[in-house]
There are 2 protein chains.
Amino acid sequence: MQEHEKIFENFLKIKDLKLTKPRKIILNTVFATHEHFSVDELYDQIRKKHKDVSRATIYRTIPLLVESDLIKQSLRCLAKDHYEHTYGHDRHFHLICEKCGKIIEVESKKAENILNKLAKIHNFDIKEYNVGAKGICKNCRKKI
Amino acid sequence: MQEHEKIFENFLKIKDLKLTKPRKIILNTVFATHEHFSVDELYDQIRKKHKDVSRATIYRTIPLLVESDLIKQSLRCLAKDHYEHTYGHDRHFHLICEKCGKIIEVESKKAENILNKLAKIHNFDIKEYNVGAKGICKNCRKKI
DNA sequence: AACTAATTGCAAATAATTCTCAATCGCATT
DNA sequence: AATGCGATTGAGAATTATTTGCAATTAGTT
Ligand SMILES: [Mn+2]
Ligand SMILES: [Mn+2]
Ligand SMILES: [Zn+2]
Ligand SMILES: [Zn+2]
């Protein structure tokens, strides 16, 4: 059993919920790649192998995955909301190319520290970061 | 005529569009306060005085205001998208309290610089920043 | 195997946004 | 001030994204 399965199962157990087949399929699809995904993309991906998992269950499972800290909502500056699994990955920011959609992930303890300091000044307790920028990537700039 | 009206009119003129009555009403409502607003909140605000402006026109005008750099989409970590007028205001980040909804605006050239440097490393051209954090504010923490 | 509460898929409901279109507006020209 | 014409509008229909109600099914327990 994979680490993320254990974590999810424990999380569910505490809430008297069960790691059912559909939930396991959703979880494992999410952890099969490190792509950022919309609900629809996830649905399509899952449907390739499992014709019996419904959109409703995906919509019902995502909040559980978020609450258990296995995935996060990220890239909220695109048209659709996107998620990504974050368990096993360090916190990072996103540079999103408006032309080609490319996503560059960037880590920066420095930036984190600054945000933390700013929060401290205001006596604010940060639970979740939401940092990114939209623009044009290297390759797309060349083309202009 | 206010500065923002002039800017909007110029912007529109270049595109062979007109600063019509509804557009003027929407623009001026947006610039009447520095609140962050959802489309619905803006609609309600406008409707207090102008029963004849439709949702459709608001939805059609917002992209024009964004394109003319008078307003920006911000607070993309709440359920609904929110906008704010940014013309006349420095760039800032948002700390959003999950309990009471309070929004703290924070300026930081340092944070901007770091993001810019990170972008530079990746040869990425930032067009728009999207920086914030969710958490618990000072007052709400006391209450726990 | 029987029991029970949680879970599921489906389809209907809701919410947010976009689109269609006929009527109107704004502005330039007569 | 009347005319012409493309841009604009509001109303409501259409679309898209998400949530919900419910009867049938499942997982775990006795
Ligand atoms: Mn990422
Ligand atoms: Mn702001
Ligand atoms: Zn690109
Ligand atoms: Zn608060």
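Convention: sequence-line order gives letters A, B, ...; per-chain numbering from 1.
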Original post:
Is the backbone N or O of A:Lys18 less than 3.5 Å from a side-chain atom of A:Arg23, with the two atoms forming a donor-acceptor pair by type?
Top reply: yes
**OP:** Report the distance from atom OH of B:Tyr83 to atom P of C:dA16, rounded to the nearest whole Å.
**Re:** 13 Å
Original post:
With respect to the phosphate group of D:dT9, does any side-chain polar atom (N or O) of B:Thr20 fall under 4.0 Å of OP1 or OP2?
Top reply: yes
Original post:
Atom CD1 of B:Ile46 and atom P of D:dT9: how far apart are they, to the nearest Å?
Top reply: 12 Å
Original post:
What's the CG-C1' distance between B:Asp16 and D:dC5, to the nearest Å?
Top reply: 13 Å
Original post:
Would one find a side-chain N or O of A:Arg55 under 4.0 angstrom from OP1 or OP2 of C:dG9?
Top reply: no
Original post:
Can you check side-chain contact (heavy atoms from CB on, under 4.5 Å) on A:Lys127 and B:Ile136, steps first, answer last?
Top reply: CA-CA 7 Å; A:Lys127 286 274 159 56; B:Ile136 309 289; 3.4 Å; yes
Subject >> Among C:dT7, C:dT17, C:dC27, the one nearest B:Lys18 by side-chain distance >> reply: C:dC27
Original post:
Whole Å only: how far is the CZ atom of B:Arg23 from the C1' atom of D:dT9?
Top reply: 9 Å
Original post:
Which part of the nucleic acid, if any, lies within reach of A:Asp52 when heavy atoms closer than 4.0 Å are counted: base, sugar-phosphate only, or nothing?
Top reply: sugar-phosphate
Subject >> salt bridge (charged side-chain N to carboxylate O under 4.0 Å, His left out) contacts touching residues 35-46 of chain A (sequence neighbours left out) >> reply: A:Asp40-A:Arg55
Original post:
In whole Å, what is the span from the CD1 atom of B:Ile58 to the P atom of D:dT8?
Top reply: 17 Å
Subject >> Atom pair distance, as rounded to whole Å: CZ in B:Phe11 and C1' in D:dA7 >> reply: 15 Å
Original post:
Roughly how many Å is it from CG in A:Asp81 to P in D:dT16, rounded to a whole number?
Top reply: 17 Å
Subject >> Below 4.0 Å: OP1/OP2 of C:dT18 and any side-chain N or O of B:Tyr59 >> reply: no
Original post:
Can you find a donor-acceptor pair, distance only, under 3.5 Å between A:Arg60 side chain and C:dG9 base?
Top reply: yes
Original post:
Please give, in whole Å, the distance from C:dC27 C1' to B:Lys13 NZ?
Top reply: 11 Å
Original post:
Any ion pair linking A:Arg91 and A:Glu107 (charged N to carboxylate O, less than 4.0 Å)?
Top reply: no
Subject >> 5' precedence on DNA chain C between B:Asp40 and A:Ala56 (nearest-nucleotide basis) >> reply: A:Ala56
Original post:
Is it the case that B:His89 and B:Glu105 place a side-chain donor and acceptor less than 3.5 Å from each other?
Top reply: no
Original post:
Which nucleotide in the set D:dA11, C:dA6, C:dC10 lies at the smallest distance from any side-chain heavy atom of A:Arg47?
Top reply: C:dC10
